[in-house]
Q: 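My structure is below; once you've seen it, I'll send some questions.
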Amino acid sequence: MAASNTRIDKRKKAPAKAKTKSGGRARKWVYDFSEGNTNMKDLLGGKGANLAEMTNLGLPVPPGFTITTQACNAYRAASRRFPVGLVEQVAQHLRKLENRMGRRLGDAHDPLLVSVRSGAKFSMPGMMDTVLNVGLNDESVEGLAKQTSDDRFAWDSYRRLLQMFGKTVMGVDGERFEHALDAAKQNARATTDTGLNAEDLEALVEDFKGIIRAETKRDFPQDPVEQLHMGIEAVFGSWDNRRAQDYRRKNRISDDLGTAVNVQTMVFGNRGDDSGTGVVFTRDPATGEKIPTGDYLANAQGEDVVAGIRNTLPVAQMEETQPAAWRALVKNLNRLERHFRDMCDVEFTVEQGALWMLQTRVGKRTAQAEWIIAADMADERLINKDAGVLRLTPNRLDELFKPVINRDAKEKATTIARGLNASPGAAVGQVVFSADEAQARARDGAKVILVRRETTPDDYHGMVASQGILTSAGGTNSHAAVVARGEGIPAVCGADAIRVDREGKKFTVGGTTVNESDWITIDGTDGTVYADQLPLEPSLLERALDGDTQAQSSKLWKSYERFMARADQKRRLKVRANADTPDQSTNARRRGAEGIGLCRTEHMFLGEERVAAVRRMILAESDADERAAYEELLPLQREDFVGIFRAMNGLPVTVRLLDPPLHEFLPDQVQLAIEVALAEKSRIKPKDFAEKKELLAAVNRLHETNPMLGLRGVRLGILKPGLYAMQVRAIVEAACRVKAEGGKPVVEIMIPLVATREELSQMREELEPVAGEAMKAAGQKIPILFGTMIEVPRAAVTAAEIAEVADFFSFGTNDLTQMAFGFSRDDIGKFLAQYEERKLVPANPFVTIDPGVGALMRMAVEQGRSANAHIHFGICGEHGGEDASVKFCHEIGLDYVSCSPFRIPTARLAAGQAALGATESASK
Ligand code: ADP
Ligand code: MG
Ligand code: MG
């Protein structure tokens, strides 16, 4: 601890100008709460910036100061050394604080105590460290006892310091303290920590000091300033701990931000029954309802509420037990909402009846609450409609369409336990008891539900791999609940009838025992648990979409309609669907699709009746054979297109001609070879032997080492001339039929995998006459566009040439990403996680458009537009339904995005937000 030996600098210079020993000027590393505001989150972290904001609003905030994120980063960059000037500035601010409070840190008679709190720009719940009661030591604990005339309180505070400091600063395994605490409770025949008296706690302090000595080979530091410096270092260091890193990766928060450190005067919730601590949301974060919601714990300090150590009370009960503090709290909550114009999440402490505000931030909420709160706040005129649209999260919208438990099944099923409805949605899965097990099984495709007494930040990886989470302890703001809501995972928490036996890999509740791998169902919307695999069914929004009038009268649906209408009104991008069948097309339209951006035709080659004809086509030995096969396929395909054009009447349908390599329509090569070899050995040949042999020869002929880079896409069209012609005829004949019925088909024919201008122009030369003939025969005229997918890098960089012969481009970003990186999408699962972890890629490029792939797209759009003023642009890769990617498509000027039907609302909302000026940054 080199830093802690530095003497306290007594010079009274303004910190910004503090001269360093080398004569340079040190940066301003420390800000008093009164110097900051909510816009300074980069520098002061979210907690520090909002403590400052509340201070300046005049709310009761214990005084303190914030050490900047820059100081943290300087410390990290200098291999864990405090930057020049920091120790001095901390000393100056501490002196000011001491003067203001009229106490000195760790004073033997009347000590000032402080907390040392982490706080990064973005909230990372429980991921980093905080230490309370810094400044207590063997002498000041006596002083505190005398000053407060409360021995129990003083020793309780000291044991808490030793426990937190020992664990987070000195690295002692927290369980060591837990065990000692349990033993002390047993000795005192106490069921909770409040049952321990001053003597018990004093003895416990000795035990804790012994544990620290034994585990770290050093004594707990008695010097308060050394405690403070070590605390600051520990908070800085916690930025780089494993779970914080995991959390940042998952939430796309940059590692470079660093954390601030807040040093704040302690207030005490553990001073008896007229004291306590709580967490509260200004509105219900699960349902969005406008009532303060949270947990309160009397005679407790800090983390006790979230740790599920004792059972908390609903915060509204303070109205009876702490009426004055409750009134003050409600007043402050209203004040904060009006100020931030959003739902806030607040930490507070009551010390002998007096309320103290310890933290606030805009609160996390369920996907449902997000919509309800936005609508209510628009009604209350706290925000306008556009602000409402901007605060919704497109990527979470599909949660609201997630299935719920079938009502009848739910009524019949027996509830084995009830807990808090911590995170909505229903989940069915097999029970596991550890995060590692959850992760391992989920990787193998199993659906699991993680069951724990309570989760800790170390469980994060297993929680996000689970279908649902069930805990027996902890309130609506416990770690499990907060993470589950943030991640959109259904969760039931605090189901306190459940006894979790982690070692025995089972849980019991009443007379029921549930073992690992048994199926259960949880309902995070009402907090119920079932020892069955219950059937799930459509959600409220899904039912409303389906025309269910009761669902349509719900507040959620009304809010959904209202903001989606606004997003639709504002957006420039059109939204189409990737749909291959009439059913999918109808479904997509219901969700707001304005066309089909990708109708794949490969499924039209599958199905028993078609396979024979397809094989005949592939195996044909003469042109006549081949033509005969096409004649067979033609009417079948035509019927498919008729259905689709009818379903999408009046809206554009982009049909992609056959794309996959032909071997996909033939039996597996190895399998076939084995069958033929076996048949050859046997004396009596099976009657289809000749056929099989012929088939094998064809399969061998068609075999490719890299089929995804082989004979597929436009290459098929070139080498099998009748194939695309047949498809075009089927498309155009279908369109003519639908038009003759009085419909309005809008047809775009898309040729995949084009790399050169010649490929497309030769295909057009062959196919346009086919379309013309079909229309002539039907006596109809329909404008038909021909275009291509841009999915080969060469096409993107020569887009100007290709655009001369294309009516449209559609970015096939799945292939484009594969080929731009040379990543096989089917195999990348083996190493992508490592790539993300080591930041070798900015994000999973198959989920969010990668900047490199994006550069290819941007180039193709610019070139394409300058070569052909009438060309239009779309995207049909998976990315077309992802928030950040949609916003990127808006930015580079595409005309539409196309995505799978269930992502359409997400794309509509994201496109609306893009038009309203939202840019999705890499970190949130
Ligand atoms: P986290 O970011 O994990 O919530 P915090 O820094 O907010 O960590 O602190 C953990 C707990 O300690 C919170 O409940 C907080 O309200 C409480 N706490 C922090 N500082 C003080 C203080 N000065 N006085 C009383 N309680 C405090
Ligand atoms: Mg906190
Ligand atoms: Mg492709």
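Predicted, not measured: the structure shown is a model, and the values here were computed from it. For ligands, and for the atoms within them, numbers begin at 1 and follow the listed sequence.
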Q: Looking just at side-chain N and O atoms, do Arg335 and Asn332 make a donor-acceptor pair shorter than 3.5 Å?
A: no

Q: How about Pro292 and Val280: do any of their side-chain heavy atoms sit closer than 4.5 Å?
A: yes

Q: Return a yes/no value for Leu358: is any of its N or O atoms, backbone included, closer than 3.5 angstrom to an N or O of ligand 1?
A: no

Q: Determine whether Glu139 and His109 satisfy the following criterion, side-chain hydrogen bond (donor to acceptor under 3.5 Å, both in side chains), listing intermediate values before the conclusion.
A: CA-CA 8 Å; Glu139 287 179 6; His109 303 290; over 6 Å; no

Q: Looking at Asp459 and Arg452, is any side-chain nitrogen of the basic one under 4.0 Å from a carboxylate oxygen of the acidic one?
A: yes

Q: So with a 6.0 Å cut-off around CD of Gln222, is the heavy-atom count from everything else above 12?
A: yes

Q: Report, in ascending order of atom number, the atoms of ligand 1 lying under 4.0 Å from any heavy atom of Gly302.
A: 11 (C), 12 (O), 14 (O), 17 (C)

Q: Hey, is Thr130 touching ligand 1 through its side chain, its backbone, both or neither, going by heavy atoms under 4.0 Å?
A: side chain

Q: Determine, for Tyr31 and Lys28, whether the Lys NZ or Arg CZ falls below 6.0 Å from the six-membered ring centre while staying within 45 degrees of the axis.
A: yes

Q: Does Thr277 have a non-hydrogen atom less than 4.0 Å from ligand 1?
A: no

Q: Is it true that Ser34 and Asp32 share a donor-acceptor pair across their side chains at a distance under 3.5 Å?
A: yes

Q: Heavy atoms only, cut-off 4.0 Å: how does Gln359 contact ligand 1, side chain, backbone, both, or neither?
A: side chain

Q: Hey, does Ser115 come in under 3.5 Å of ligand 1, counting only N/O atoms on both sides?
A: yes

Q: With a 3.5 Å cut-off and no angle check, do the side chains of Gln227 and Asn137 form a donor-acceptor pair?
A: no

Q: Distance alone, cut at 3.5 Å: any donor-acceptor contact between the side chains of Asn299 and Asn270?
A: no

Q: Counting only nitrogen or oxygen atoms and a 3.5 angstrom limit, does Thr349 reach ligand 1?
A: no

Q: Using distance alone, with no hydrogens and no angle criterion, decide if Glu370 and Thr393 have a side-chain donor and acceptor under 3.5 Å apart.
A: yes

Q: Tell me which one of Glu347, Met357, Lys47 gets a heavy atom nearest to atom 2 (O) of ligand 1.
A: Lys47

Q: Short of 2.8 Å from the Mg ion (ligand 2), name each protein N/O/S atom, waters not counted.
A: Glu347 OE1, Glu347 OE2, Gln359 OE1

Q: Only heavy atoms of Leu132, strictly under 4.0 Å: list the atoms of ligand 1 that pass.
A: 12 (O), 18 (N), 19 (C), 20 (N), 21 (C), 27 (C)

Q: Between the side chains of Thr38 and Asn50, is a donor N or O closer than 3.5 angstrom to an acceptor N or O?
A: yes

Q: Out of all atoms in ligand 1, which are within 4.0 Å of some heavy atom of Thr265? Include the element for each.
A: 22 (C), 23 (N)

